[in-house]
Amino acid sequence: MHQFTIAEIIRGLKNKQFSSMEITRHLLTRITQLDSHYNSFITVTAEQALAEAASADKRLAEGGAPSMCGVPIAHKDIFCTTAVRTSCGSKMLDNFVPPYDASVVASFKHCGSISLGKTNMDEFAMGSSNENSHYGATINPWGNNRVPGGSSGGSAAAVAARLLPGATASDTGGSIRQPAALTNTTGLKPTYGRISRWGMVAFASSLDQAGPLARNAEDVAHMLSVMAGADVRDSTCLNRPSQDYTLGLNKSVNGLKIGVPKEYFSAGLHPEIAVRIEAALKEYVKLGAELIEISLPHTAMAVPTYYVIASAEASTNLSRFDGVRYGYRCNNPTNLRDLYKRSRGEAFGEEVKRRILIGSYVLSAGYYDAYYKKAQQVRRLIKQDFVDAFKRVDVIMGPTTPTPAFALGEKNADPIAMYLQDIYTIAASLSGLPGMSVPCGLVNGLPVGLQIIGNYLDEARMLNLAHQYQQVTDWHQAEAATPAPAA
Ligand code: GLN
């Protein structure tokens, strides 16, 4: 039963082949047997999941239930969940039990989806390997010594290991697309503002965006239909109604203009990934699309620009974690200053501290103009590259990552090498554009992803494109070997 996709579960529940209770129990057992190896969950909420499955089965029996009713998923531990710990991968929030649900969580509850728990992540979503989690690294099902990517590595690994058919995730600079590429899953970062950020712990507010991670484009469409939509509680959430994204999945690709940025095939790209991307582009040509070489001249500036802006925003967002209002508090503080210093010093990990220091520096008087203001100006140029490109093409395609999954520990000593994992994903984030990663092959037995960058609010077209590709290829069906169940 764990092999079922979301679409298959929806069908199976409707046709009464199995109940929500049956599939929920099955997946919970699988998580118990296997997740000690993957470490893709921080918290498993078995009791709550079974209670939700019981009510979903009732709703399904009554008829007229929303399509995702009874489907088990899980939430990245960045989304607040009523009465369930929301750690954001940090010791700082290890004891934080929110009194409310994030809008995304509430939307899934509202349609009767089951939450199996909270997935592992890099602390405060800062990272590209899931090694920055206070709860230990997550293992990529594609290799025991391989990272699943980050920061949504727990969600991606859980889907790849068939512990669940889909999970929520978030992307600030690549955290949905990069782990999707490294685990052979399909992930979408929608247009900035497409999904409410309310109740999603803030990292860099002008970049953070929630999104779905699943096995294929059709499942991602099912999840996005639940997640997207206006929300008065998030002033940056766009005032666009939700829609059923599964309805646009059977459109022809004929005549579509695909922009291929020459800067995305630079020296740092693994040559075998370039081969896989070119093969994927050929599939689109066979389907009737036209390839057009384009240039995004400011691509090289995206990573440095991102690390100034994201760190600046992180330093202000994370100032709320002071050991007073909520979060970790050190033992026996001698005075208020000692309390702040030790609470933050003891509870934040190394990468989070690095970002806070960089962020505070670039925002400080005297450096603001040289770094923060300059970065904002370059951000504008990066965005303009895309605006110009979209005058000539309908979508942009290229690699999601420069390399396949790297080894655990390989990049820990070199933060810059880690930051370069997002070299192809960050520019779309800085521009607020939607981006997707779709499985497109294996390199040395490890998955790689094709990135699809769409114009603003063009998620329906991107999902259709990914779906059309998945109709003529079967890379998304390749499955990682499962380790022996724990005794
Ligand atoms: N890897 C990037 C970072 O460390 C992006 C993370 C994200 O998208 N949340 O900031």
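Start at 1 and go down the list; that is how both ligands and their atoms are numbered. All residue numbers in this chain count up from 1 along the given sequence.
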J.: Taking the six-membered ring for Trp, are the ring centroids of W198 and F79 within less than 6.0 Å of each other?
T.: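 No; F79 has its ring centre 6.0 Å or more from that of W198.
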
J.: Pull out every atom of ligand 1 sitting under 4.0 Å from any heavy atom of Y307, numbered as shown with elements.
T.: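 Under 4.0 Å from Y307, ligand 1 has these atoms: 1 (N), 2 (C), 3 (C), 4 (O), 10 (O).
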
J.: So, regarding D422 and ligand 1 (criterion: nitrogen or oxygen to nitrogen or oxygen, under 3.5 Å), is there a contact or not?
T.: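 Yes, at least one N or O pair falls under 3.5 Å.
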
J.: Which atoms of ligand 1 are found less than 4.0 Å from any heavy atom of G173?
T.: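 Atoms satisfying the 4.0 Å criterion: 5 (C), 7 (C), 8 (O).
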
J.: Looking only at N/O atoms, are G150 and ligand 1 under 3.5 Å apart anywhere?
T.: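 N/O-N/O distance below 3.5 Å does not exist for this pair.
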
J.: Report the nearest protein non-hydrogen atom to atom 7 (C) of ligand 1: residue, atom name, distance rounded to 0.1 Å.
T.: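 Answer, as residue, atom name and distance: S175 OG, 2.4 Å.
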
J.: Does even one non-hydrogen atom of A310 get within less than 4.0 Å of ligand 1?
T.: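 So A310 does not count as touching ligand 1.
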
J.: Pick one of side chain, backbone, both or neither for how F203 approaches ligand 1, counting any non-hydrogen atom pair under 4.0 Å.
T.: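 The answer is the side chain.
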
J.: For S151, which part has a heavy atom under 4.0 Å from ligand 1: side chain, backbone, both, or neither?
T.: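 It is the side chain that gets close, since no backbone atom is under 4.0 Å.
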
J.: Between the main-chain N or O of D422 and the side-chain N or O of T425, is there a donor-acceptor pair closer than 3.5 Å?
T.: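 Yes, the answer is positive, given that a donor and an acceptor are paired below the 3.5 Å cut-off.
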
J.: Where does F124 meet ligand 1, judged by heavy-atom distances below 4.0 Å: at the side chain, the backbone, both, or neither?
T.: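 Under 4.0 Å from ligand 1, F124 contributes no heavy atoms.
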
J.: Please walk me through it: do D458 and R461 pass salt bridge (charged side-chain N to carboxylate O under 4.0 Å, His left out)?
T.: CA-CA 6 Å; D458 217 7; R461 190 204 305 255; 2.8 Å; yes

J.: Mind checking whether Y371 and Y307 have ring centres under 6.0 Å apart?
T.: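 That pair fails the under 6.0 Å test.
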
J.: Looking at A125, which atoms of ligand 1 are within less than 4.0 Å of one of its heavy atoms?
T.: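 Atoms satisfying the 4.0 Å criterion: 6 (C), 7 (C), 9 (N).
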
J.: Counting distance only, does the side-chain N/O of D219 pair as donor-acceptor with the main-chain N or O of R215 below 3.5 Å?
T.: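 No; judged by distance alone, with no hydrogens or angles, the pair does not exist.
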
J.: Under 6.0 Å between the ring centres of H476 and Y469?
T.: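 No - the distance between ring centres of H476 and Y469 does not fall below the 6.0 Å cut-off.
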
J.: Quick one: which ligand 1 atoms are inside 4.0 Å of a heavy atom on D171?
T.: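 Counting from 1, the qualifying ligand atoms are 8 (O).
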
J.: Suppose I only count heavy atoms of Y306 and a 4.0 Å limit; which atoms of ligand 1 are within that range?
T.: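 The list of qualifying atoms is 2 (C), 3 (C), 5 (C), 6 (C), 10 (O).
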
J.: Does R355 have a heavy atom less than 4.0 Å from any atom of ligand 1?
T.: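 A heavy atom of R355 does come that close to ligand 1.
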
J.: Is M126 close to ligand 1, meaning an N/O of one under 3.5 Å from an N/O of the other?
T.: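 No, M126 has no N/O under 3.5 Å of an N/O on ligand 1.
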
J.: Has K91 got its NZ or CZ under 6.0 Å from the middle of the six-membered ring of Y328, at an angle within 45 degrees of the ring axis?
T.: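 The answer is yes; both the distance and angle limits are met.
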
J.: Ring centroid separation for F203 and F124, is it under 6.0 angstrom?
T.: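 No - the distance between ring centres of F203 and F124 does not fall below the 6.0 Å cut-off.
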
J.: Can a donor-acceptor pair be found, under 3.5 Å and without considering hydrogens, that links the side chain of T400 to the backbone of R177?
T.: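 Absent.
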
